[in-house]
Amino acid sequence: MGARGHLFTSGSQRSDASHPVQQDESMTDSRFRIHPSPVGDILIVTTATGIVELHPFEGPLGPHIERIARELHRAPEPDDTAGGDIDRQLDEYFAGDRREFDVSLDWSRVRGFTRAALETVREIPYAETASYGEVAAAAGSPRAARAVGTACATTPFSIIVPVHRVVRSDGSLGEYGGRSDVKRFLLDLELDAIGNST
């Protein structure tokens, strides 16, 4: 497993548009597409602000679209261009050629400490890990390890917000939406990419 330790830089700034001005979700145009990957089909949903959901999914697509339509107050429409070049970036990531994603995120469905925790998770370096407690401390709430676990379990952003890099304090994997095999795959992929580049 990746290195652990001082993984976060206080006050660091990211180059992407991760702090957009929020808008009325009921007036937000939303679109979606499906992209194949080694961990299964990935659902990508976007609004005018950016990617509002991205995660691998199992089973029929319909229930996922219905849930998102309820949350956005508008059904997303299929669009093979949704998310711009995110398909290329995902392919590069799974090929071991990309370590960060250059995307705009729509955080309108993520609030409070959940957002603070996920913003902190974004600072965990590629191929490294941090415990739930370490993320909680870096996010400003040292006793909120359990809340970090909830944030990781309910995040609308998988892979592009690397919640797979958050592990238990004893180094064991912990949960990943009921798919610990995917979490193990993503961590191994990053470690292998680091090893192949040295």
Side-chain angles (χ1 to χ4, degrees), residues 1-9 12 14 16 18 34-45 50-59 64 83 86-103 105 107 109-110 113-139 144-197:
M1 189 165 293
R4 299 266 302 280
H6 300 289
L7 304 181
F8 312 105
T9 302
S12 62
R14 301 186 66 87
D16 65 2
S18 61
I34 308 300
H35 187 67
S37 82
V39 295
D41 287 342
I42 295 177
L43 173 61
I44 303 164
V45 185
I51 293 174
V52 72
E53 181 149 340
L54 185 151
H55 64 80
F57 70 96
E58 295 182 299
H64 297 279
I86 185 59
D87 55 341
R88 176 181 61 80
Q89 294 190 47
L90 285 167
D91 289 344
E92 291 173 351
Y93 171 79
F94 283 112
D97 298 327
R98 174 174 289 272
R99 299 186 182 184
E100 293 185 355
F101 290 92
D102 182 15
V103 294
L105 300 180
W107 291 91
R109 295 155 65 218
V110 184
F113 181 74
T114 295
R115 176 164 178 172
L118 295 179
E119 292 273 24
T120 302
V121 168
R122 299 183 79 200
E123 303 302 326
I124 304 175
Y126 184 87
E128 298 187 17
T129 60
S131 71
Y132 296 101
E134 287 172 332
V135 172
R146 184 168 297 180
V148 171
T150 299
C152 291
T154 60
T155 177
F157 312 116
S158 296
I159 305 172
I160 56 176
V161 173
V163 294
H164 58 276
R165 297 178 193 157
V166 185
V167 299
R168 292 173 175 158
S169 58
D170 63 2
S172 60
L173 288 184
E175 298 297 322
Y176 191 73
R179 300 190 64 187
S180 59
D181 58 321
V182 172
K183 189 171 189 175
R184 177 79 273 165
F185 177 90
L186 296 174
L187 289 172
D188 287 347
L189 181 153
E190 294 180 1
L191 289 172
D192 288 346
I194 289 289
N196 290 335
S197 66

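Basis for what follows: all heavy atoms, side chains included, without hydrogens, waters or symmetry-related copies. What you see is a predicted model; the values in this text were computed from it and never measured.
- Listed here is the closest heavy atom pair of A136 and F113: CA-CZ, 4.4 Å.
- The shortest heavy-atom contact between L191 and A127 is CD2-O, 3.6 Å.
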Start with the C-alpha distance between T129 and E134, add both sets of side-chain angles, then the distance that settles side chain to side chain contact (heavy atoms under 4.5 Å, CB included), and finish with yes or no.
-> CA-CA 10 Å; T129 60; E134 287 172 332; over 6 Å; no
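- For the atom pair L118 CG and T154 OG1, the distance stands at 7.0 Å (nearest 0.5 Å).
- Within 6.0 Å of CZ in R88 there are more than 12 heavy atoms belonging to other residues, nucleotides or ligands.
- In this structure, a donor-acceptor pair under 3.5 Å is present between the side chains of H164 and E190.
- Residues S169 and Y132 fail the side-chain proximity criterion, which asks for heavy atoms closer than 4.5 Å.
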Could you walk me through whether L186 and F94 pass the side chain to side chain contact (heavy atoms under 4.5 Å, CB included) check?
-> CA-CA 8 Å; L186 296 174; F94 283 112; 3.8 Å; yes
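- Annotation for A130 and V135: closest pair CB-CG2, 4.1 Å, computed over non-hydrogen atoms.
- For E53 (side chain) and I44 (main-chain N/O), no donor-acceptor pair under 3.5 Å exists by modelled atom type.
- For the pair T155 (side chain) and A151 (backbone), a donor-acceptor distance under 3.5 Å is absent.
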Apply side chain to side chain contact (heavy atoms under 4.5 Å, CB included) to I160 and I51, showing your working.
-> CA-CA 10 Å; I160 56 176; I51 293 174; 4.1 Å; yes
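- Ring geometry for F101 against Y93 counts as tilted: the plane angle lies between 30° and 60°, on a 0 to 90° scale.
- The two residues A117 and V148 have their closest heavy-atom pair at CB-CG2, 4.3 Å.
- The shortest side-chain heavy-atom distance between P156 and V110 falls under the 4.5 Å cut-off.
- In terms of modelled atom types and a separation under 3.5 Å, the side chain of R109 and the main chain of V52 share a donor-acceptor contact.
- The two residues S158 and P56 have their closest heavy-atom pair at CB-CD, 3.9 Å.
- Atom OG of S37 sits about 6.0 Å away from atom CD1 of I159, to the nearest 0.5 Å.
- Side-chain atoms of K183 do not come within 3.5 Å of backbone N or O of R165 as any donor-acceptor pair.
- A donor-acceptor pair is defined here as one N or O able to donate and one able to accept, closer than 3.5 Å; no such pair exists between the side chain of R179 and the backbone of D181.
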Apply side chain to side chain contact (heavy atoms under 4.5 Å, CB included) to the pair H35 and D91, showing each step before the final yes or no.
-> CA-CA 9 Å; H35 187 67; D91 289 344; 2.8 Å; yes
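- Although no hydrogens or angles enter the test, the distance criterion places no donor-acceptor pair under 3.5 Å between the side chain of S172 and the main chain of G174.
- For the atom pair CZ (R168) and CG (L173), the distance works out to 8.5 Å, reported to the nearest 0.5 Å.
- Between I42 atom CD1 and L54 atom CG the span is 6.0 Å, to the nearest 0.5 Å.
- Between L43 atom CG and H55 atom NE2 the span is 5.0 Å, to the nearest 0.5 Å.
- How far CD of E119 is from OG1 of T114: 12.0 Å, rounded to the nearest 0.5 Å.
- Of all non-hydrogen atoms in R122 and W107, the two that sit nearest each other are CD-CZ2, 4.0 Å.
- No donor-acceptor pair under 3.5 Å is formed between the side chain of E123 and the backbone N or O of T120.
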